[in-house]
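Remarks on the structure that follows.
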Amino acid sequence: MASRVPVQSELPLLDVVIVGAGFGGLCMAIKLREAGIENFLILEKDTEVGGTWRDNNYPGCACDVQSHMYSYSFAPKADWSKRYAPWDEIQQYILDTTEKYGLRPFIRFRQEVNSAHFDKDCGEWTVGTATGEFYRCKHFVLASGPLHVPAIPNIPGLDKFKGKVFHSARWDHDYDLTNKKVVSIGTGGSAIQYVPEIAPKVDKLYVFQRTPAWVIPRDERRYLGIEKKLFERFPVLRKLHRTRLYWTNEARVWPVFNPMLARTLQQLPKAFIRLQVKDPETARKLTPDYTIGCKRVLISNKYYPTFNRPNVELVTEGIQEIREHSIVTKDGVERPADCIILGTGFVVDPRIYMKDFPLTGLPGHELQRDWKDGAESYLGVTTSGYPNLYQLVGPNSGLGHNSIIFMIEAQADYIVQCIQTLRKKGADYLNLKQEVQRKFNEEVQKAIQGTVWTTGCTSWYQQDDGKNVAIWPWSTWRYWLRTRKVNESEYQWVTCHKKASKPLPEGQKTAAASA
Ligand code: NAP
């Protein structure tokens with residue numbers, strides 16, 4: 001049944017609506033509360049917090065950024081078990097942080113946002129959800145994450161397959177892989193983590209590779225009990241450790257700007273493959289022919305040795321079709337299969353930054369249309385034509401070399417500043433100047449020229465036309481510097497002539513209280 005769109009003034013007015021209760025949305029909420037802004041809600045489509053770390057729980061799932069870096073600077077955890085924590089420890093950290101900062105009353109679960117419209121007359125957003133509810137707010141924050149809609153490959157016959165099929169981000173833990181013939185498609189960050197875990201269980205594992213990944217060794221060390229105690233007792237030691245990790249990761253940005261250096265360094269992972277894979281032909285097939293860093297560099301000590309197992313076969317011929325109980329490659333070879341696992345990544349067309357719903361800003365601005373040739377914003381946060389709209393991990397603010405949590409914190413601080421500056425000025429909305437956005441994107445695209453990302457490979461960093469709309473092409477400390485202080489001259493600060501007709505009703509002072 002179609003829901004009635006309420007007259008805007010019938011709805012309580014929130015200061016902020018945040019979409020998504022993952023690392024980004026929760027960080028935003030914490031920063032708002034710190035700034036004394038309590039009249040906000042988080043709309044979450046699922047039934048639990050965690051985002052990526054709720055959805056990705058396949059065997060072997062872990063973060064490839066060190067846990068002491070891949071956590072909020074303001075919510076340290078002294079007792080991370082390993083250098084690179086597994087997904088369940090990260091998800092527990094997210095759950096604990098949600099409780100610690102009292103965020104649950106601010107979250108509305110099962111609220112998938114499906115529309116958002118800005119009204120320039122009162123400077124307010126109306127946000128609709130799939131359950132037919134509407135929310136009205138001054139500021140609207142998209143923290144919905146770039147990689148989250150599973151990409152299902154268009155392989156002939158996939159829909160006719162009679163066995164089990166699931167995507168790595170929708171792992172079916174009730175399905176027992178023991179002694180099954182398993183086809184795994186894709187060799188990205190997810191597949192290289194679950195392939196070594198399932199290989200010992202299954203009867204046969206066919207790993208279908210389209211493009212090999214560069215995989216480098218992983219520091220598997222666990223933290224000793226004494227280290228955890230010292231981190232707990234002397235926070236300065238933990239901070240020093242985090243600082244060292246930060247700068248070690250930052251150093252990895254240099255080969256990005258110097259493809260020659262990258263090609264020299266890649267002799268090490270090449271040797272790593274030769275050392276770890278016994279069969280020279282398999283080792284050859286696993287060795288990428290593009291410069292390291294062009295696609296995301298992966299880390300694992302277990303992936304390459306998996307191909308020494310007699311029950312594992314690397315298949316590099318293209319897939320021709322899938323039949324009811326088998327998969328056929330272009331050379332005509334048919335392999336029997338009980339189960340197909342899609343490690344095929346996530347949808348990365350313009351929807352990477354804008355989910356599939358209409359979002360309109362100032363007259364003439366519809367985000368899906370404005371971004372049809374590629375998403376563009378300013379610092380990955382604000383977009384000209386869309387007042388009081390903000391994004392976390394928006395265009396060109398993704399990273400390949402350090403922790404995205406660092407970027408998220410800088411972005412959330414910047415957004416709080418925008419809200420506070422608007423209040424200070426007594427204005428209703430801020431709108432990024434088009435010229436600022438244009439210049440920034442020219443600067444970004446210029447910086448990307450000549451980097452390792454332009455040396456010839458395909459990845460979700462680049463669109464089909466080669467434009468990289470995903471990555472921040474500098475060191476992260478430069479991002480921090482640029483977002484530290486809002487430059488007021490970069491925005492128009494607008495006061496509406498026609499104000500909202502109805503004030504916030506009594507008893508609705510805070511969003512949490514109105515639950
Ligand atoms: P991904 O990196 O996009 O990899 C998808 C894989 O599927 C690629 O190997 C791709 O081959 C292949 N593929 C896609 N469509 C195919 C088709 N039709 N036929 C055959 N092969 C196909 O996806 P992901 O592994 O899920 O990882 C997503 C992102 O999350 C990546 O950036 C990854 O590094 C990151 N990640 C991070 C962590 C972490 O610890 N932080 C963990 C896991 C993943 P092509 O390369 O030829 O396109």
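Position 1 is the first residue of the sequence; numbering continues from there.
- At least one side-chain heavy atom of Phe74 sits less than 4.5 Å from a side-chain heavy atom of Tyr101.
- Note: Phe440 and Trp472 have parallel aromatic rings, judged against thresholds of 30 and 60 degrees for the angle between ring planes.
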Could you walk me through whether His173 and Phe166 pass the ring-ring contact (aromatic ring centres under 6.0 Å, His included) test, one step at a time? CA-CA 10 Å; His173 292 276; Phe166 54 85; 8.4 Å; no

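- Using a cut-off of 4.0 Å between Lys/Arg side-chain N and Asp/Glu carboxylate O, Glu442 and Arg438 are scored as salt-bridged.
- Using a cut-off of 4.0 Å between Lys/Arg side-chain N and Asp/Glu carboxylate O, Lys181 and Asp338 are scored as not salt-bridged.
- Between Arg296 and Asp64 there is a salt bridge, since a side-chain N of the basic residue sits under 4.0 Å from a carboxylate O of the acidic one.
- For the pair Tyr479 (side chain) and Leu379 (backbone), a donor-acceptor distance under 3.5 Å is present.
- From Lys467, atom NZ reaches atom CG of Asp373 across 8.0 Å, with rounding to the nearest 0.5 Å.
- Within the 4.5 Å cutoff, the side chain of Val253 has heavy atoms near those of the Phe257 side chain.
- More than 12 heavy atoms of other residues, nucleotides or ligands shown are found within 6.0 angstrom of CG on Asp331.
- Remark: the backbone N or O of Ala151 is paired with a side-chain donor or acceptor of Thr344 at under 3.5 angstrom.
- Counting only distance, with no hydrogens or angles, the side chain of Asn56 and the backbone of Cys61 share no donor-acceptor pair below 3.5 Å.
- Here the side chain of Arg238 pairs no donor or acceptor atom with the backbone of Pro76 at under 3.5 angstrom.
- Residues Lys77 and Ser71 fail the side-chain proximity criterion, which asks for heavy atoms closer than 4.5 Å.
- Between Phe23 and Ile404, the closest side-chain pair of non-hydrogen atoms is not below 4.5 Å.
- At distances below 3.5 Å, not a single donor-acceptor pair connects side-chain atoms of Gln209 with backbone N or O atoms of Leu314.
- A donor-acceptor pair is defined here as one N or O able to donate and one able to accept, closer than 3.5 Å; no such pair exists between the side chain of His241 and the backbone of Phe231.
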